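Everything numeric in this text was worked out from a predicted model, so none of it was measured. If you read the sequence from its start, that first residue is 1, and numbering goes on from there.
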Amino acid sequence: EALLDQLADLLAIQAALKSRNIDAPSVLSETIPLMQNMLSFLTLSDGRLASFHGGTALSRDLVSALAPSRAAYKKFSFASKTGFQKLQFDKSSLLVDVAAPPRGAMSTNAHFAPLAMEFSHGEDRIFVNCGPNRVHGPDWRLATRGIAGHSTPAFQRDMLDPFLTTGIAARILGPRVLENNFPITVKRTDGDDGSWLEARHGAFSDSHGADIQRRFYLSGNGHDLRGEDSLLVARDQEPALGAPFCIRFHLHPHVSANLQAGGMSCLLVTGSGRGWQFRAAGSGDPTIYNMHLEPSVYMGMSGIPQRSQQIVLTGRFEPDECLFRWAIKFVGQLRRRRR
């Protein structure tokens with residue numbers, strides 16, 4: 001959203017100079033295409049921006065007005081300086097945050113959401129992050145910046161507060177993200193039949209003795225997204241065995257969800273009437289791995305809360321293999337588009 005605002009200003013300056021027959025500085029002609037390509041990278045298949053670190057989706061018309069022309073567009077899949085990976089095939093887009101949050105003054109509005117992701121197909125946004133709350137005061141804003149407001153794994157207890165919230169430093173500097181130099185590793189493989197992305201972070205190594213690993217696969221036709229979320233014992237750390245964890249998949253308000261097959265399958269129907277089947281299975285003892293639906297809120301469009309749902313996978317940290325395998329597959333047009 002900040003990128004879009006700055007790009008709009010630079011395009012306006014460039015147009016004003018041209019209308020007065022004034023040669024624009026070369027930095028404009030060099031920088032604007034780069035910014036336009038980055039804007040397209042951060043745009044999902046519905047033509048709106050992804051909602052990470054306090055930004056909102058904004059309108060499709062506003063985003064498309066500043067997007068690059070086809071001739072100027074240079075597609076890329078990894079933004080190395082901002083730490084986002086994008087998997088995109090046909091009408092499907094998956095964007096994953098594979099970097100630690102910003103630090104210092106730049107983190108006052110940043111969210112703590114390692115390996116959070118958003119997924120869309122065509123005009124339907126399916127998996128989302130909650131987005132920023134801009135109407136209900138500091139408590140709401142801080143809550144939505146936390147890891148529970150994002151589609152990513154997390155422990156449910158004994159979490160270290162990632163924000164600077166107490167003391168004179170908090171009053172002076174604001175609710176920054178605390179310095180947490182946890183490691184993140186990323187591996188990616190692309191092919192004609194699909195793309196694979198594997199990422200691992202150590203944000204919970206000190207508090208729970210665990211690393212989180214996420215694996216994603218998006219098929220070449222965009223109709224099959226698979227994932228594997230693992231909890232691994234961190235090196236040289238005492239693991240908090242038995243600690244409860246969850247994996248959240250926040251749903252867009254236009255997506256309706258109904259559990260099926262004894263609770264380990266869920267039918268999702270989007271606002272356009274398309275159906276998606278979500279399935280999940282945990283490793284080990286089936287009695288400690290569960291899937292259920294919970295209420296959620298979505299503020300990614302305007303910063304105002306809208307009621308929504310979330311799929312929540314729950315389990316307990318085990319010493320050996322501890323993971324959830326999940327998949328979401330397109331099943332076709334199930335009903336008419338909502339008006």
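- Using a 4.5 Å cut-off between side-chain heavy atoms of Ile, Leu, Val, Met, Phe, Trp and Tyr, Val312 forms no hydrophobic cluster with any other residue.
- Within the structure, the ring pair (Phe, Tyr, Trp, His ring centres under 6.0 Å) test picks out the following pairs touching residues 170-201 (sequence neighbours left out): Phe182-His201, Trp196-Tyr217, His201-Phe204.
- The backbone N or O of Gly149 sits nowhere less than 3.5 Å from a side-chain atom of His111 that would complete a donor-acceptor pair.
- Within the 4.5 Å cutoff, side-chain heavy atoms of Cys266 are placed close to those of Leu293.
- Around atom CG of Asp192, no more than 12 heavy atoms belonging to other residues, nucleotides or ligands sit under 6.0 Å away.
- Taking 4.5 Å as the limit, every side-chain heavy atom of Arg279 sits out of range of all side-chain heavy atoms of Ile328.
- Contacts classified as side-chain hydrogen bond (donor to acceptor under 3.5 Å, both in side chains) and involving residues 135-144 (residues at least two apart or in different chains) are given here: Asn133-His136.
- Listed by chain and residue number, nothing satisfies the salt bridge (charged side-chain N to carboxylate O under 4.0 Å, His left out) test with Asp161 (two or more places apart in sequence, or in another chain).
- Counting only N and O atoms by type, the side chains of Thr56 and Glu1 include a donor and acceptor under 3.5 Å apart.
- Atom CD of Glu123 sits about 9.5 Å away from atom CZ of Arg48, to the nearest 0.5 Å.
- Neither Ile147 nor Val297 shares a network with the other; the hydrophobic side chains, linked directly or stepwise wherever heavy atoms of I, L, V, M, F, W or Y lie under 4.5 Å apart, form separate groups for each.
- For Arg145, the salt bridge (charged side-chain N to carboxylate O under 4.0 Å, His left out) criterion is met by no residue, not counting sequence neighbours.
- Leu178 forms part of a hydrophobic cluster together with Leu164, Ile168, Ile172, Leu173, judged by ILVMFWY side-chain heavy-atom separations under 4.5 Å.
- With a 4.5 Å cut-off on side-chain heavy atoms, Leu17 and Asp23 do not count as touching.
- Centroid-to-centroid, the aromatic rings of Trp276 and Phe119 come within less than 6.0 Å.
- In the hydrophobic clustering of ILVMFWY residues, with side-chain heavy atoms under 4.5 Å counting as a link, Ile247 and Leu232 come out apart.
- Among residues at least two apart or in separate chains, ring pair (Phe, Tyr, Trp, His ring centres under 6.0 Å) pairs with a member in residues 55-102 are Phe41-Phe76, Phe52-Phe84.
- Put simply, Leu44 and Val255 are part of two different groups of oily side chains (I, L, V, M, F, W, Y) that touch within less than 4.5 Å, one to the next.
- Ring orientation note: the planes of His223 and Phe330 are tilted relative to one another, at an angle of 30° to 60°.
- Here Leu87 contributes atom CG and Leu225 contributes atom CG; the two are 8.5 Å apart, rounded to the nearest 0.5 Å.
- Side-chain atoms of His250 and His150 include no donor-acceptor pair closer than 3.5 Å.
- Arg215 pairs by the salt bridge (charged side-chain N to carboxylate O under 4.0 Å, His left out) definition with Glu198, Glu228, not counting sequence neighbours.
- One side chain, Ser265 or Gln277, offers a donor N or O that lies under 3.5 Å from an acceptor on the other.
- Qualifying side-chain hydrogen bond (donor to acceptor under 3.5 Å, both in side chains) partners for Asn290, counting only residues two or more places apart in sequence or in other chains: none.
- In this structure, Ser107 contributes its side chain and Ala110 its backbone to no donor-acceptor pair below 3.5 Å.
- No side-chain heavy atom of Leu251 sits under 4.5 Å from any side-chain heavy atom of Ser308.
- Heavy-atom contacts from other residues, nucleotides or ligands closer than 6.0 Å to CG of Asp193 number more than 12.
- Side-chain atoms of Asn129 and Ser51 include no donor-acceptor pair closer than 3.5 Å.
- Taking 4.5 Å as the limit, every side-chain heavy atom of Arg103 sits out of range of all side-chain heavy atoms of Val177.
- A distance-only check finds a donor-acceptor pair linking the side chain of His252 to the backbone of His254 [under 3.5 Å].
- Listed by chain and number, the hydrophobic cluster partners of Val128 are Tyr298, Met301, where partners are ILVMFWY side chains within reach of under 4.5 Å, directly or through others.
- Counting only N and O atoms by type, the side chains of Ser219 and Asn221 include a donor and acceptor under 3.5 Å apart.
- Linking Ile, Leu, Val, Met, Phe, Trp and Tyr whenever their side-chain heavy atoms come within less than 4.5 Å leaves Leu95 and Leu197 in two separate clusters.
- Salt bridge present: Arg274 and Asp124 bring a charged side-chain N and a carboxylate O closer than 4.0 Å.
- Trp326 and Leu323 fall into different hydrophobic clusters, where Ile, Leu, Val, Met, Phe, Trp and Tyr residues are linked whenever their side-chain heavy atoms come under 4.5 Å apart, directly or through other members.
- Using a 4.5 Å cut-off between side-chain heavy atoms of Ile, Leu, Val, Met, Phe, Trp and Tyr, Met106 forms no hydrophobic cluster with any other residue.
- For the pair Arg188 and Gln85, the minimum side-chain heavy-atom distance is below 4.5 Å.
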Run the numbers on Arg248 and Glu294 for salt bridge (Lys or Arg N to Asp or Glu O under 4.0 Å), then give the verdict. CA-CA 10 Å; Arg248 300 181 187 274; Glu294 292 184 2; 3.7 Å; yes
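- Applying the side-chain hydrogen bond (donor to acceptor under 3.5 Å, both in side chains) test to every pair with at least one member in residues 86-97, sequence neighbours left out, gives these pairs: His53-Asp97, Gln88-Ser93, Ser92-His121.
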